[in-house]
Trainee: 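Sharing a structure, written as structure tokens. Questions coming.
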2 protein chains.
Amino acid sequence: MLDNLQKIKIDKPVDKIIGQIKSLISNGEIKPGDKLPSERALADHLGVGRSHVREAILKLEFYGILKTYPQNGTFVSGIGIVALEELISDVLNLEEHDFKSLVETRVLLEKQAAYLAAKRRTSEDIASISNALSAYEKKTKTGQQAVEEDLLFHIKIAEASKNNVLKSLMMIITPDIVKNYINLKVCDDLNFNKTLQEHQAILESIINQDPEAASAAMAIHLKDVSEFSESVKDLQYEMIKK
Amino acid sequence: MLDNLQKIKIDKPVDKIIGQIKSLISNGEIKPGDKLPSERALADHLGVGRSHVREAILKLEFYGILKTYPQNGTFVSGIGIVALEELISDVLNLEEHDFKSLVETRVLLEKQAAYLAAKRRTSEDIASISNALSAYEKKTKTGQQAVEEDLLFHIKIAEASKNNVLKSLMMIITPDIVKNYINLKVCDDLNFNKTLQEHQAILESIINQDPEAASAAMAIHLKDVSEFSESVKDLQYEMIKK
DNA sequence: GGCCAATTATTGGTTGACCAAAAATCATAA
DNA sequence: TTATGATTTTTGGTCAACCAATAATTGGCC
């Protein structure tokens, strides 16, 4: 009976405006590099409040599509019409990250982070990673969950990689991962001791400055959850999203 | 004489507020999962307008750190204090992406995209990638730059990978890449015919469903720019940022 | 005493007005 | 005719007030 309630698509005003801006570009009214109409004019033209326009511009600014100069105007990035349209479309469809893609990408990033960390780690890095690991061990020894400490261990490795883009991207997908972990109750299945040993193996490889081993150890560590994600696939679509 | 003007650090009100929210968490006044004080209360407490608080919340929401429920309140993600602090710090320092990290990460993502595209591509994917390649060829044959068409080729491969997270991350770093390409004038050095051949090699591997070959072909394609990034390193810091 | 409805207070959402800075315009003088 | 400086206009930035929906409170009823 309630089945047909699932597909409600709330078109937030912001997304509508972003769509409108996109069509402005598609219709050739705005070319890459051009100045966008003033916020006022846009709000008037689209029949919405300026706040909405502002929010939309803000969002597109995060993704580098627009750039605002105070008291001057908002300008479109100069990367080309078609690419611009693709980018904007992507921003609009940003929510649909499925768990499988999420995990698949996480594995990729984490492996590379471990690889680079092994190559570039300083003694300070080793200290912080060790600290994170100790905190994790201490927490799990008392039987508690240690999601935070687990995360921190991985973050410290990302820092040791000396690649801030890699770290930023990991940060970006982390909340999604955590949300899915909680929803799918992945944590319950994990054996803390096993996780601890795997963490130690990763740390050891990083200490030994053995990139390949570090990457491999990270792959093993993430293998469980990776396989798990294969099995759930579309299960998440049946869950109630809050 | 103008040297000391370089270090101007414009502390936008938004970043200040994000910092304040972070310290609220650090001081234990707000715990993960808690409800944030109302926008009004926050604005009053911090002595700023509500718009600024709103903008800060919006930004933190993009990164999954906060979640706003209309007419109810804004809640902090439940991932843990330390991890939360790390995440927020990262949001604040998000701008400092250096070119080397950018390229290094791009290579990683693109190689994986090509790998997965070769595994999962449909005939439709091949068609769109081919189209993008044709457009690139046509444009370069006339001697023009074809940055957009180049980008589009890579985007279509990302789409063929069927991993939307991977695609999103590539989209996120693309503007940064483009900006740096333009600033550092990488494009000028590239040989269009060589690029075209490399693109064709990638496409061929994807058509043949040979993931390893596709990944390798992409690596070769990106090798030039990768090496270039090694040589510039800190050169960018001397440039004027606009 | 316990339950339910009307009321009140609080929340984020939305709007329009005002501000200062930058750009564009125009008038004036060389 | 050109250069220059005052003036007007336009811009995004900021703010305070209002709106509708929700949650908390209160009062009355059973």
Side-chain angles (χ1 to χ4, degrees), chain A residues 5 8-21 24-25 29-31 33-78 95 240-242, chain B residues 5 8-21 24-25 29-31 33-77 92 95 240-242:
Chain A
L5 287 180
I8 47 161
K9 166 89 179 179
I10 304 165
D11 236 22
K12 275 196 165 185
V14 183
D15 291 329
K16 270 183 88 173
I17 294 171
I18 293 180
Q20 295 282 355
I21 292 177
L24 281 181
I25 294 173
E29 301 190 47
I30 302 173
K31 285 172 291 182
D34 276 5
K35 185 161 87 172
L36 217 65
S38 75
E39 294 181 354
R40 261 172 268 265
L42 266 179
D44 203 41
H45 183 34
L46 300 177
V48 296
R50 195 151 78 98
S51 323
H52 293 145
V53 174
R54 213 129 204 298
E55 199 176 329
I57 290 175
L58 206 61
K59 195 165 182 178
L60 290 177
E61 220 179 329
F62 282 157
Y63 292 97
I65 297 168
L66 300 178
K67 177 77 186 170
T68 294
Y69 299 94
Q71 276 73 45
N72 189 350
T74 301
F75 293 81
V76 185
S77 162
E95 315 300 337
I240 303 160
K241 56 198 165 206
K242 185 175 178 183
Chain B
L5 286 181
I8 48 161
K9 166 88 177 181
I10 303 163
D11 237 21
K12 275 196 165 185
V14 183
D15 291 328
K16 270 182 87 172
I17 293 171
I18 293 180
Q20 295 282 354
I21 293 177
L24 281 180
I25 295 173
E29 301 188 45
I30 301 173
K31 285 173 291 182
D34 276 6
K35 184 161 88 171
L36 218 63
S38 76
E39 295 182 354
R40 260 172 270 267
L42 266 179
D44 203 40
H45 183 33
L46 301 177
V48 295
R50 196 149 77 94
S51 321
H52 295 144
V53 175
R54 211 129 206 296
E55 198 176 330
I57 290 175
L58 204 62
K59 193 165 182 177
L60 291 176
E61 222 180 328
F62 283 157
Y63 292 97
I65 297 168
L66 299 178
K67 177 76 187 171
T68 293
Y69 299 93
Q71 277 75 44
N72 190 351
T74 301
F75 292 81
V76 184
S77 161
L92 288 177
E95 314 302 337
I240 303 159
K241 57 200 165 203
K242 183 172 181 185

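Proteins come first, then strands; the chains are lettered A, B, ... in the order of their sequence lines, and each starts at number 1. Note that these values count all heavy atoms, side chains included, but never hydrogens, waters or copies made by symmetry. Note that the structure is predicted; figures quoted are calculated from it, not measured.
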Trainee: Could you grab the distance from atom CD of B:E29 to atom CG of B:D34, nearest 0.5 Å is fine?
Mentor: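 The distance works out to 11.0 Å.
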Trainee: Expressed as a whole number of angstroms, how long is the span from B:R40:CZ to C:dT10:P?
Mentor: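 Spelled out: CZ on B:R40 to P on C:dT10 is 10 Å.
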Trainee: Give the nucleotide from the list C:dG13, C:dA23, D:dG12 with an atom nearest to the side chain of B:T68.
Mentor: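 Closest nucleotide among those given: C:dG13.
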Trainee: Could you grab the distance from atom CD1 of A:I65 to atom CG of A:L60, nearest 0.5 Å is fine?
Mentor: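 Interatomic distance, A:I65 CD1 to A:L60 CG, rounded to 0.5 Å: 5.0 Å.
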Trainee: Using atom CG of A:L46 as one end and atom P of C:dT14 as the other, report the distance to the nearest whole Å.
Mentor: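 My rounded result for the distance is 15 Å.
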Trainee: A:G47 or A:Q71: which one's nearest nucleotide on DNA chain C is closer to the 5' end?
Mentor: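 Result: A:G47.
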Trainee: Please list residues of residues 48-57 of chain B whose heavy atoms come under 4.0 Å from any atom in DNA chain D, ordered by number; otherwise none.
Mentor: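 Within this stretch, B:G49, B:R50, B:S51, B:H52 sit under 4.0 Å of the strand.
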Trainee: Taking all non-hydrogen atoms of both residues, which atom of B:P37 and which atom of B:I30 are closest, and how far apart?
Mentor: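 Scanning both residues completely, I find the closest heavy atoms to be CD-CD1, 3.9 Å.
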Trainee: Mind checking the CG-CD1 spacing from B:L42 to B:I17? Nearest 0.5 Å is all I need.
Mentor: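 Rounded to the nearest 0.5 Å, the CG-CD1 separation comes out at 8.5 Å.
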Trainee: Whole Å only: how far is the NZ atom of A:K16 from the P atom of C:dT14?
Mentor: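 So the NZ-P distance, A:K16 to C:dT14, works out to 12 Å.
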Trainee: Rounded to the Å, how far apart are A:D44 CG and D:dT11 C1'?
Mentor: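 Roughly 16 Å, once rounded to whole Å.
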Trainee: Could you measure the distance from the CG atom of A:L46 to the NZ atom of A:K16? Nearest 0.5 Å is fine.
Mentor: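 Reported to 0.5 Å precision, the distance equals 9.5 Å.
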Trainee: In whole angstrom, give the distance that lies between atom CG of A:L60 and atom P of D:dG12.
Mentor: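 Taking CG of A:L60 and P of D:dG12, I get 14 Å after rounding.
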Trainee: For residues 40-56 of chain B, which residue pairs pass the side chain to side chain donor-acceptor pair (under 3.5 Å) check, not counting sequence neighbours?
Mentor: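 Residue pairs passing side chain to side chain donor-acceptor pair (under 3.5 Å), neighbours aside: B:E39-B:R50, B:E39-B:R54.
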Trainee: What's the CG-C1' distance between A:L66 and D:dG12, to the nearest Å?
Mentor: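 Rounding to the nearest Å, CG of A:L66 and C1' of D:dG12 are 14 Å apart.
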Trainee: Does D:dA23 have OP1 or OP2 sitting under 4.0 Å from an N or O in the side chain of B:N72?
Mentor: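 Answer yes for this pair, as a side-chain N or O of B:N72 is under 4.0 Å from OP1 or OP2.
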Trainee: In whole angstrom, what separates A:I17's CD1 from C:dT14's P?
Mentor: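 For the pair A:I17 CD1 and C:dT14 P, the rounded distance is 10 Å.
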Trainee: When the distance from NZ of B:K35 to P of D:dA24 is rounded to whole Å, what number comes out?
Mentor: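 Spelled out: NZ on B:K35 to P on D:dA24 is 7 Å.
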Trainee: Is there a side-chain polar atom (N or O) of B:T74 under 4.0 Å from OP1 or OP2 of C:dG12?
Mentor: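 For C:dG12, OP1/OP2 do have a side-chain N/O of B:T74 under 4.0 Å.
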Trainee: Which atom pair, heavy atoms only, marks the closest approach of B:D15 to B:K59?
Mentor: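 It is OD1-NZ, 3.8 Å.
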